[in-house]
Amino acid sequence: MSDPIAAVERFPRARLGHAPTPLDAAPRLGAALGIELWVKRDDCTGLAFGGNKVRQLEFHLGEARARGADTVLVTGAVQSNLVRVAAAAGRQLGMDAHVQLEERVDEGGRLYRASGNVLVDRLLGATLHALPVGEDEAAADAALERLAGALADEGRRPYVIHSAPGRPPLGGLGYVLAAREMVTQAAALGSRFDAVVCASGSALTHAGLLVGLRALDAAMPVHGICVRRDARRQAARVAQVASALAAMIERPEAFDAGAVDVCDAALAPGYGRLNDAVREAMEMAARQEALLLDPVYTGKAMAGLIAHVRSGRIARGSRVVFVHTGGLPAIFAYADRLGRW
Ligand SMILES: *Cc1c(COP(=O)(O)O)cnc(C)c1O
């Protein structure tokens with residue numbers, strides 16, 4: 001039988017991460033919630049603290065290498081995991097990194113600007129640039145293009161990783177492959193899962209899983225938990241990215257925003273900002289399972305999972321995979337907001 005996702009192989013890929021990542025049982029946390037809980041450990045993808053951006057950037061860096069780039073440019077929040085992993089990926093392939101840090105989280109104090117991902121960016125020797133606007137992806141990309149132009153004038157060969165939608169969502173291919181990993185791991189356990197829960201931000205993870213599971217004939221509900229924008233806008237984003245990805249892997253299909261499962265109950269008061277449900281989720285995961293979650297993404301995703309179980313949207317007794325997308329360096333940057341000893 002032919003491989004339904006073989007077309008992914010047509011895209012240049014730089015191997016950066018450890019895969020397959022473990023699929024761990026989480027029996028105590030599962031029992032506390034009344035479900036059978038499994039955790040896909042994409043916090044363990046390896047490169048410079050790992051996370052979901054490692055799988056995504058394998059395709060960007062593959063393209064950068066194929067084009068002979070010597071410098072990668074990337075934009076993100078001050079505590080961006082994408083920026084940190086892009087800088088690390090560049091280094092691993094012998095490239096420099098210029099990173100643009102956007103002011104998206106207005107309450108950032110000293111730790112927010114110096115610790116966590118920023119510290120790692122600096123250790124990696126990335127060149128840091130500040131961008132005063134925080135929620136305008138097109139403007140962030142335009143500023144990055146200007147930086148790239150200046151570098152090209154100096155004789156460098158820059159490669160820009162854009163953030164606004166509209167270009168081929170290369171990073172999503174990493175999650176089409178991750179879907180296959182999960183299906184293979186589920187088969188080895190002799191079980192099928194009832195649902196997947198993941199954070200939904202740029203939507204590359206969420207859309208990649210949707211497209212991959214569908215192509216592999218293993219479709220199950222993928223509950224995306226909004227971390228950046230409200231459910232209506234996020235559903236449109238996921239549908240758009242999923243449709244583009246489906247075309248890229250030569251299984252064209254129009255995904256309908258109305259059929260995308262997203263929830264923004266854990267989002268308030270906004271991107272990168274904590275609430276009590278996130279604190280509760282981080283505490284429960286740490287105390288029941290020694291499973292560390294981050295405050296920006298996986299803490300919100302787990303808060304969303306807990307809310308879905310409590311509301312009955314995920315039925316008691318369900319077999320659920322929680323995708324741990326990483327982000328752990330941020331716990332140090334948020335130390336003063338996570339309580340005191
Ligand atoms: C970026 C990120 C996400 C969101 O994934 P998208 O593919 O952007 O939707 C989730 N968790 C962590 C830790 C991240 O860094």
Side-chain angles (χ1 to χ4, degrees), residues 17 21 39-45 47-60 74-89 102 104-105 116-117 120-121 137 161-165 169-179 196-212 222-229 231 233-242 244-245 260-262 264 266-267 271-272 278 281-282 285 291-305 322-331 333-334:
T21 56
V39 182
K40 179 62 173 161
R41 297 294 305 272
D42 275 11
D43 55 321
C44 300
T45 51
L47 180 65
F49 291 111
N52 65 341
K53 300 311 183 307
V54 178
R55 289 189 195 272
Q56 297 179 5
L57 285 164
E58 287 191 338
F59 290 90
H60 290 283
V74 64
T75 188
V78 173
Q79 283 296 332
S80 167
N81 300 302
L82 175 69
V83 162
R84 179 234 325 153
V85 179
E102 308 160 17
R104 275 190 223 161
V105 180
N117 284 302
V120 182
D121 298 342
E137 292 177 307
I161 299 167
H162 297 90
S163 67
L170 286 178
L173 297 171
Y175 273 86
V176 174
L177 296 183
V196 177
V197 177
C198 67
S200 196
S202 72
L204 295 167
T205 302
H206 187 173
L209 290 174
L210 276 179
V211 170
V222 180
H223 300 281
I225 308 301
C226 296
V227 294
R228 183 145 180 213
R229 48 187 87 68
R233 287 192 300 150
Q234 188 64 17
R237 175 89 165 221
V238 174
Q240 187 244 328
V241 176
L245 268 176
V260 171
D261 187 327
V262 286
D264 58 14
L267 178 61
Y271 175 80
V278 174
M282 290 179 71
L291 184 70
L292 300 178
L293 303 176
D294 82 286
V296 181
Y297 297 100
T298 52
K300 281 197 173 155
M302 185 61 81
L305 182 154
F322 176 77
V323 184
H324 192 321
T325 45
L328 292 176
I331 63 175
Y334 280 74

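Order of listing sets the numbers, starting from 1, for every ligand and every atom in it. What you see below is based on every heavy atom in this structure, not just the backbone, and it leaves out hydrogens, waters and symmetry mates.
Residues passing the side chain to side chain contact (heavy atoms under 4.5 Å, CB included) test with Y271, sequence neighbours excluded: A77, R104, V105, E135, R228, V296, Y297.
Residues Q234 and S200 have side chains that bring a donor and an acceptor to within less than 3.5 angstrom of each other. Side-chain contact annotation: S202 with Q56, donor-acceptor N/O pair under 3.5 Å absent. In summary, the side chains of H324 and D42 do not present any donor paired with an acceptor at a separation below 3.5 Å, with no hydrogens or angles considered.
Using a heavy-atom distance under 4.0 Å as the criterion, the protein contacts of ligand 1 are N52, K53, Q56, N81, A199, S200, G201, S202, A203, L204, T205, Y297, T325, G326, G327.
Counting heavy atoms from C-beta on, the side chains of L204 and F59 never come closer than 4.5 Å.
What you find for A266 and G304 is that their closest heavy atoms are CB-N, 4.3 Å.
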